Engineer: 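Quick one: the structure is below, and I'll ask about it shortly.
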Amino acid sequence: MNNVSHVTERIIWHYACHIDDVPSEGGACALINGKQIAIFNLSRRGEWYATDNQCPHKQQMALSRGMTGCENDEPKVACPFHKKTFSLRTGAGINDGTLQIATFPVQVQEGKVFIGMQD
Amino acid sequence: MEARANTRIVVIGNGMVGYKFCEKLFSKNHTEQNFTVTVFGEEPRPAYDRVHLSSYFDGASADDLSLASVEWYAQQGITLYLSDPVVDIDRVQKTVRSHHGIVVGYDYLIFATGSAAFVPPIPGVEKKGVFVYRTIEDLELISEHAHHARKAAVLGGGLLGLEAAKALLDLGMEEAHVVEFAPRLMPRQIDEAGSEVLQAQLESLGLQIHLSMATDSILGQESIEGLIFKDGSQLPIDMLVISAGIRPRDELAKIAGLETHPRGGILVDDRLRTADPAIFAIGECALVHQMIYGLIAPGYEMAEVVVSQLLGAEKAFLPFDMSTKLKLIGTDVASFGDPFVKEPDCRTVRFENKAKGIYKRINISSDGRELLGGILVGDASQYNMLLQTTKSKTILPPDPEDLILGNRGSEETGAGVMNFPDDALICSCEAVSKGMICSEVENGNTTIDALKKSCKAGTGCGGCVPMVNDLIQGVLKKQGIYLRKVICEHFGHSRQELLDLMKINQVKTFGATIDLFGKGHGCEVCKPLVGSILASLWNENILHSDRATIQDSNDRFLANIQKGGTYSVVPRIPGGEITPEKLIVIGQVAQRFGLYTKITGGQRIDLFGAHVSDLPQIWEILIDAGFESGHAYGKSLRTVKSCVGSTWCRFGVQDSVSFAIEVEERYKGLRSPHKLKSAVSGCVRECAEAQSKDFGIIATEKGWNLYVCGNGGSKPQHAQLLATDVDKETCLRLIDRFLMFYIQTADPLTRTATWLNKMEGGINYLRAVVVDDLLEMGEQWEREMQELVNRFHCEWKEVVETPELRKRFTHFVNADQKDPSVAFEEMRGQIKVKDWQ
């Protein structure tokens with residue numbers, strides 16, 4: 001493996017919040033490196049997800065306040081403004097295929113939530 | 001009949017039947033023949049739907065009623081002259097001459113001149129304010145005059161007269177009367193018992209009916225001031241609409257030397273030919289089989305008969321079934337076969353339910369084998385079935401009374417239609433059979449609109465539309481496409497089923513609900529729905545337990561999200577009454593937090609532009625000043641609007657403000673399938689617009705009138721009268737029952753107006769349930785409502801006082817700052833959010 005690819009794959013883990021700060025089956029917004037990140041706690045599935053907080057439809061900082069759920073087992077979030085839905089796994093728009101949001105890896109350790117971002 | 005390669009046809013009259021003749025001629029002509037068609041119409045616009053004329057007062061425009069545009073005639077190559085009646089016919093030269101002097105030659109001449117309103121020779125009919133009800137121009141004149149009229153009457157209680165009476169109600173007349181010479185309404189269609197039930201229905205809607213009244217003369221100098229009857233009594237009115245029958249337009253035929261009947265009508269044979277072989281008459285101007293057929297379906301059939309002959313086929317007009325079904329001011333009325341045949345020539349079965357306003361009668365042959373005819377008032381859902389049974393002379397079951405007493409469920413009706421033979425005529429206006437409709441549905445035309453386009457079924461009188469709907473459902477069901485009305489992929493139940501399950505099992509969280517009755521983890525459809533049901537059942541704080549994240553965003557933050565991601569704040573101002581001190585507090589809050597302020601349509605004040613993290617502090621100040629949450633964010637009671645009422649207004653008869661406050665205090669915070677709006681007016685002037693609300697109250701001299709299921713918004717609908725002159729306590733009891741019935745049975749996100757529109761039996765059934773306690777649920781519903789009222793809490797007060805709820809109101813979980821992306825501009829001295837891209 002050469003040096004260049006090693007550098008691009010380097011992920012920095014940022015502490016975001018305590019697990020209690022994100023409501024069960026809901027989301028919260030954290031400010032990380034000056035960027036707004038939406039963090040979701042799907043406690044029924046035992047899964048955590050992180051995405052852009054901004055909905056690309058009308059550029060509103062609102063996805064963390066959106067309602068989570070699933071569609072054919074695909075975990076998703078619906079923007080509170082116009083109910084655009086996005087896969088939490090891939091960030092792909094579900095009811096509007098032209099939209100896409102970024103997703104970020106999440107780690108939970110000792111009650112703390114970390115978001116992974118490329119350096 | 002032989003027609004030349006180029007045949008010249010002149011049609012006199014451009015009404016519904018005249019138009020239908022043109023349409024059929026061009027759609028059915030697959031021969032080598034060419035037709036040159038010229039149409040002369042007396043009215044200024046092309047043919048329109050006269051059957052649904054009264055919908056003009058419901059908001060339908062002249063364009064909505066139009067059958068085909070001027071361009072359509074041009075595309076067919078038809079020459080259309082409007083506002084230009086034919087005045088002369090030269091039967092030797094075979095030409096017609098119009099009022100404007102246009103002369104056109106013909107090979108065949110078609111009279112489709114229709115009929116005019118019959119005006120009886122009563123002294124005074126020439127006075128101002130006396131109208132007939134026949135054309136759009138008549139309606140425009142009536143509408144114009146109605147601006148300065150308050151009391152109006154219709155002369156004639158037949159089918160058209162009652163249509164006109166509906167128009168008077170729609171025009172907002174203070175008094176609307178119907179005066180009929182016969183001892184019953186609609187004497188040609190229904191019997192006395194049916195008339196009594198119909199009369200009670202119409203009177204409950206505010207019409208005043210006067211039967212067995214012979215009009216002597218019309219009072220007034222220049223304008224009408226009243227009617228005098230032969231018995232000496234008087235009726236003061238300032239508008240009269242005459243609807244005493246029709247008279248065939250045969251005057252031109254007379255001039256042309258064609259034979260007419262002394263009581264009107266151009267004489268034709270069963271080929272619809274006059275004595276002159278080049279001249280036909282169709283529709284209401286034609287006298288065939290010794291009668292005038294005053295309905296649209298036989299008129300269309302006559303057009304068909306003449307078109308067939310012109311295209312070379314032999315076809316006769318056979319005695320036509322005069323069965324009718326219509327909706328009169330919301331009440332079904334139908335008669336079929338021979339409605340009046342009496343014992344001993346038949347056996348008659350009658351069913352009457354006065355509480356629900358239903359009357360049914362069927363006449364069965366003496367041997368019990370065949371259905372001869374009958375009458376339906378208040379519920380005509382079995383009409384199509386009974387009509388087919390009569391027409392096809394189906395052998396009756398051993399207990400024929402089951403035909404009208406049996407299960408009224410829609411599935412039953414659907415199955416019934418599907419059992420008809422394929423050649424059973426469903427749409428008699430356009431002669432479309434069951435088989436044709438079913439094959440169209442199988443070809444993918446699965447909506448009424450698609451079927452109207454593909455085979456024209458339902459485009460005439462519209463009476464067959466319910467049966468066409470049943471056929472669509474039936475065919476889809478057979479193909480296995482039929483779907484139950486389930487909530488979403490997570491719950492295989494309807495809202496009502498789920499509500500019952502949650503109630504019986506005392507479920508209080510979303511987690512328990514989906515574990516017990518659903519699958520998966522929920523979505524943006526089922527979560528808020530379950531949240532709403534939980535609130536309606538138990539009225540516990542919507543943010544406690546696992547309930548916060550199942551609420552729609554507005555409910556989750558107890559405020560309305562606006563462009564840019566800030567929220568608006570609406571404190572409750574019951575009845576719109578507010579002290580100067582409270583107004584000052586609102587102003588101070590707006591100044592301190594930099595909010596945009598606007599008066600809402602519901603008589604309160606909306607504060608826009610609040611950051612999510614400011615909401616608890618804003619509410620802390622408001623609550624200290626005595627405000628409560630206004631629930632503007634919830635599917636729940638919004639406001640009870642009021643006019644100032646008898647305390648200040650010189651017209652007011654009751655204290656509407658006090659009652660509005662009492663009503664708002666009682667139902668505030670009540671969660672329901674959709675938002676609820678209400679209003680209380682202090683007199684009939686109705687300044688609070690109570691009739692546009694989900695429930696509205698209007699003061700009377702004796703108490704209060706309660707209206708329900710009105711709607712503003714995109715599909716405005718007037719509320720309907722549920723109870724009259726009740727006292728406050730009764731009024732609240734009825735509202736308790738009404739609201740609980742709605743909450744427990746409506747589909748999600750269905751306003752009360754739509755809920756009622758879909759309810760079988762409509763307002764009569766609703767009244768039977770709520771007022772007459774048909775289901776014996778009244779007491780339980782009142783108790784359940786009282787429990788919800790007792791459990792009321794201000795959601796914002798709890799949030800302000802509860803640290804773990806309060807801490808959710810932040811934008812960032814890890815930074816003590818507001819959303820930096822929020823940006824405002826200035827407009828007229830206040831803030832405005834930046835437009836989104």
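Values reported hereafter were calculated over all heavy atoms of this structure, with side chains retained and with hydrogens, waters and symmetry mates removed. From a predicted model like this one, the values you see are computed outputs, not experimental measurements. In what follows, chains are A, B, ... by sequence order, proteins preceding strands, each numbered from 1.
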Engineer: For the CZ atom of A:R65 and the CZ atom of B:R808, what is their distance to the nearest 0.5 Å?
Structural biologist: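 These two atoms lie 14.0 Å from each other.
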
Engineer: Name the option with the most non-hydrogen atom pairs under 4.5 Å to chain B; the candidates are A:P23, A:G27, A:G69, A:G26.
Structural biologist: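 Counting heavy-atom pairs under 4.5 Å, the top option is A:P23.
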
Engineer: So if I take each residue of residues 74-84 of chain A and look for any heavy atom under 4.5 Å from a heavy atom in chain B, which residues do I end up with?
Structural biologist: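 Near chain B, by residue number: A:K76, A:A78, A:P80, A:F81, A:H82, A:K83.
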
Engineer: In terms of heavy-atom proximity below 4.5 Å to chain A, should B:F557 be classed as side chain, backbone, both, or neither?
Structural biologist: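 Side chain only.
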
Engineer: Check B:D819 against A:Q36 and note the closest heavy-atom contact, atom names and distance.
Structural biologist: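 For B:D819 and A:Q36, the tightest heavy-atom pair comes out as OD1-NE2, 2.8 Å.
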
Engineer: For the pair B:H490 (side chain) and A:C70 (backbone), establish whether a donor and an acceptor sit closer than 3.5 Å, ignoring hydrogens and angles.
Structural biologist: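 A pair under 3.5 Å: yes.
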
Engineer: Passes side chain to side chain contact (heavy atoms under 4.5 Å, CB included), A:M67 versus B:D552? Steps please.
Structural biologist: CA-CA 7 Å; A:M67 192 171 293; B:D552 262 324; 4.0 Å; yes

Engineer: Counting a contact as any heavy-atom pair under 4.5 Å apart, which residues of residues 43-56 of chain A contact chain B?
Structural biologist: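 The list, in residue order, reads A:R44, A:R45, A:N53.
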
Engineer: Which bit of B:A815 comes within less than 4.5 Å of chain A, counting heavy atoms only: side chain, backbone, both or neither?
Structural biologist: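 The side chain, not the backbone.
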
Engineer: Against chain A, label B:V612 side chain, backbone, both or neither, depending on which of its atoms sit under 4.5 Å from a heavy atom there.
Structural biologist: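 The side chain, not the backbone.
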
Engineer: When heavy-atom pairs shorter than 4.5 Å are enumerated against chain A, which of B:I561, B:N814, B:I514, B:V822 gives the highest number?
Structural biologist: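 Top count of heavy-atom pairs under 4.5 Å with chain A: B:N814.
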
Engineer: Calculate, to the nearest 0.5 Å, the distance between atoms OG and CZ belonging to A:S64 and B:F812 respectively.
Structural biologist: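 Going from the OG atom of A:S64 to the CZ atom of B:F812 covers 9.0 Å.
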
Engineer: Are the side chain of B:E489 and the backbone of A:E71 linked by a donor-acceptor contact shorter than 3.5 Å?
Structural biologist: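 Side chain of B:E489 to backbone of A:E71, a donor-acceptor pair under 3.5 Å: no, none is there.
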
Engineer: Tabulate, in ascending numerical order, the residues of residues 88-115 of chain A having at least one heavy atom closer than 4.5 Å to a heavy atom of chain B, or enter 'none'.
Structural biologist: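 Counting heavy atoms that sit under 4.5 Å from chain B, no residue of residues 88-115 of chain A is involved.
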
Engineer: What's the separation between atom OG1 in A:T68 and atom NE2 in B:H521, rounded to the nearest 0.5 Å?
Structural biologist: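 The distance works out to 10.5 Å.
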
Engineer: Could you tell me which portion of A:E25 (side chain, backbone, both or neither) has an atom closer than 4.5 angstrom to a non-hydrogen atom of chain B?
Structural biologist: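 It is both, since atoms from each part get that close.
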
Engineer: So for B:E804, is it side chain, backbone, both, or neither that comes closer than 4.5 Å to the heavy atoms of chain A?
Structural biologist: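 Neither part, no heavy atoms under 4.5 Å.
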
Engineer: Based on non-hydrogen pairs under 4.5 Å, which of A:C29, A:A16, A:S24, A:A28 is most in contact with chain B?
Structural biologist: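 Counting heavy-atom pairs under 4.5 Å, the top option is A:C29.
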
Engineer: Please give me the minimum heavy-atom distance between B:H811 and A:M61, naming the atom from each residue.
Structural biologist: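 Heavy atoms only, the tightest pair is CE1-O, 3.9 Å.
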
Engineer: To the nearest 0.5 Å, what is the distance between OG (B:S821) and CD (A:Q60)?
Structural biologist: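 With rounding to 0.5 Å, OG (B:S821) is 7.5 Å from CD (A:Q60).
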
Engineer: Is there any salt bridge (Lys or Arg N to Asp or Glu O under 4.0 Å) pair reaching into residues 559-572 of chain B, and which pairs are they, with sequence neighbours excluded?
Structural biologist: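 Sorted pair list: B:K563-B:D835, B:R572-B:E664.
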
Engineer: Could you tell me whether a side-chain N or O of A:D21 sits under 3.5 Å from a main-chain N or O of B:V813, the two making a donor and an acceptor?
Structural biologist: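 Side chain of A:D21 to backbone of B:V813, a donor-acceptor pair under 3.5 Å: no, none is there.
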
